[in-house]
Amino acid sequence: APSATPPLLIRLVAALERELTDCGIDFDNRPYVPHVTLVRGARAPAALPPLRIAWQPREFVLVESGSGAGGAGYRIAGRWPLAG
């Protein structure tokens, strides 16, 4: 997660939450924390070395996940370029 959430991202999340509410779609009401999911359900070793990643995203991608008989699946619902 970043050390600070960019104000534009906070506004984007607020807009998405309003749209979900207006459409009658339930969502997780916890405070938004930007993050990248690299793996789910993995077991971590007893100790991990510190890790720092320098990364400049070029676009925002909304991905829908779902579970089925073959496991998890993902579908890109939309893409938006980020201003540099």
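Source: prediction; values computed, not measured.
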Inset, instruction - Return the set of residues passing ring-ring contact (aromatic ring centres under 6.0 Å, His included) with Phe60 (not counting sequence neighbours), or none when no residue passes. - result: Trp80
Inset, instruction - Could I get the full list of side-chain contact (heavy atoms from CB on, under 4.5 Å) partners for Thr5, not counting sequence neighbours? - result: Leu9, Ile10, Pro34
Legend entry - Name of the residue among Leu16, Val13, Leu12 meeting side-chain contact (heavy atoms from CB on, under 4.5 Å) with Tyr32: Val13
Inset, instruction - Output all residues satisfying side-chain contact (heavy atoms from CB on, under 4.5 Å) with Pro81, sequence neighbours left out; order by chain, then residue number. - result: none
Inset, instruction - Apply side chain to side chain donor-acceptor pair (under 3.5 Å) to Arg75 and list each qualifying residue two or more places apart in sequence or on a separate chain. - result: Glu64
Inset, instruction - Using salt bridge (charged side-chain N to carboxylate O under 4.0 Å, His left out) as the criterion, list what pairs up with Arg18, not counting sequence neighbours. - result: none
Inset, instruction - Under 4.5 Å between side-chain heavy atoms, chaining through other members, with only Ile, Leu, Val, Met, Phe, Trp and Tyr counted: pull out the rest of the cluster around Val61, sorted by chain and number. - result: Val63, Tyr74, Ile76
Inset, instruction - Please list, chain by chain and in numerical order, all residues satisfying side chain to side chain donor-acceptor pair (under 3.5 Å) with Arg11, sequence neighbours excluded. - result: none
Inset, instruction - Hey, could you give me the CD/CD1 distance between Glu19 and Ile25, rounded to the nearest 0.5 Å? - result: 9.5 Å
Inset, instruction - Identify, with sequence neighbours excluded, every residue that meets side chain to side chain donor-acceptor pair (under 3.5 Å) alongside Arg79. - result: Glu59
